[in-house]
Amino acid sequence: MSEQHDPAGPAALPPGARLLSTQQAVDALVSGDHPQSRQGNLAIDAALIALLRQGRIIACRLIDGRIAFHRHPDTTA
């Protein structure tokens with residue numbers, strides 16, 4: 001899988017965090033490849049996937065494996 005990142009990201013990611021492409025974030029949510037998956041909720045995951053695909057939010061993987069979401073910089077106005 002190629003690593004494609006959105007050119008616009010948050011001004012500063014937490015130390016060690018890695019910006020995920022839309023597809024990487026969707027894959028992690030669908031596969032449960034993150035520590036919060038045990039507390040997951042299908043409705044919330046579906047909403048996050050829709051927002052990722054619409055470009056309204058971006059995701060990053062934190063150093064401990066968790067996934068964090070942030071409003072896409074172009075949609076904050």
Side-chain angles (χ1 to χ4, degrees):
M1 176 189 310
S2 67
E3 290 217 357
Q4 297 176 345
H5 299 290
D6 294 329
L13 292 174
R18 183 174 57 90
L19 188 62
L20 299 176
S21 70
T22 297
Q23 192 58 49
Q24 289 171 324
V26 169
D27 289 347
L29 287 170
V30 170
S31 68
D33 182 25
H34 57 96
Q36 305 105 308
S37 65
R38 281 180 247 116
Q39 298 121 3
N41 178 305
L42 290 177
I44 292 173
D45 287 351
L48 288 169
I49 289 169
L51 291 169
L52 284 161
R53 288 185 172 154
Q54 292 167 10
R56 308 256 341 223
I57 62 173
I58 57 175
C60 67
R61 186 172 295 271
L62 303 175
I63 197 163
D64 64 2
R66 292 179 297 149
I67 299 174
F69 301 92
H70 192 273
R71 203 181 255 185
H72 195 289
D74 292 342
T75 63
T76 56

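Position 1 is the first residue of the sequence, and the numbers go up from there.
Residues passing the side chain to side chain contact (heavy atoms under 4.5 Å, CB included) test with Pro15, sequence neighbours excluded: none. For Ile44, the side chain to side chain contact (heavy atoms under 4.5 Å, CB included) partners are Asn41, Leu48, not counting sequence neighbours. For Ala25, the side chain to side chain contact (heavy atoms under 4.5 Å, CB included) partners two or more places apart in sequence, or in a different chain, are Leu20, Leu52, Ala59.
Tracing side-chain contacts under 4.5 Å through hydrophobic residues (I, L, V, M, F, W, Y), one never reaches Leu42 starting from Ile57; they form parts of separate clusters. Under a hydrophobic clustering in which Ile, Leu, Val, Met, Phe, Trp and Tyr are joined whenever their side-chain heavy atoms come within less than 4.5 Å, directly or via other members, Ile67 and Val30 fall into the same cluster.
Atom CG of residue Leu29 and atom CG of residue Asp45 lie 5.0 Å apart, to the nearest 0.5 angstrom. Atom NE2 of residue His70 and atom CG of residue Leu19 lie 11.5 Å apart, to the nearest 0.5 angstrom.
Proximity of Ile58 to His72: side-chain heavy atoms (C-beta onward) are separated by under 4.5 Å at one or more points. In this structure the side chain of Leu62 reaches within 4.5 angstrom of the side chain of Pro14, judged on heavy atoms.
When all heavy atoms of Leu13 and Arg18 are compared, the closest pair comes out as CD1-C, 4.4 Å. Of all non-hydrogen atoms in Arg53 and Val26, the two that sit nearest each other are NH2-CG1, 3.5 Å. Closest of all the heavy-atom pairs between Ala28 and Arg61 is CB-NH2, 3.5 Å.
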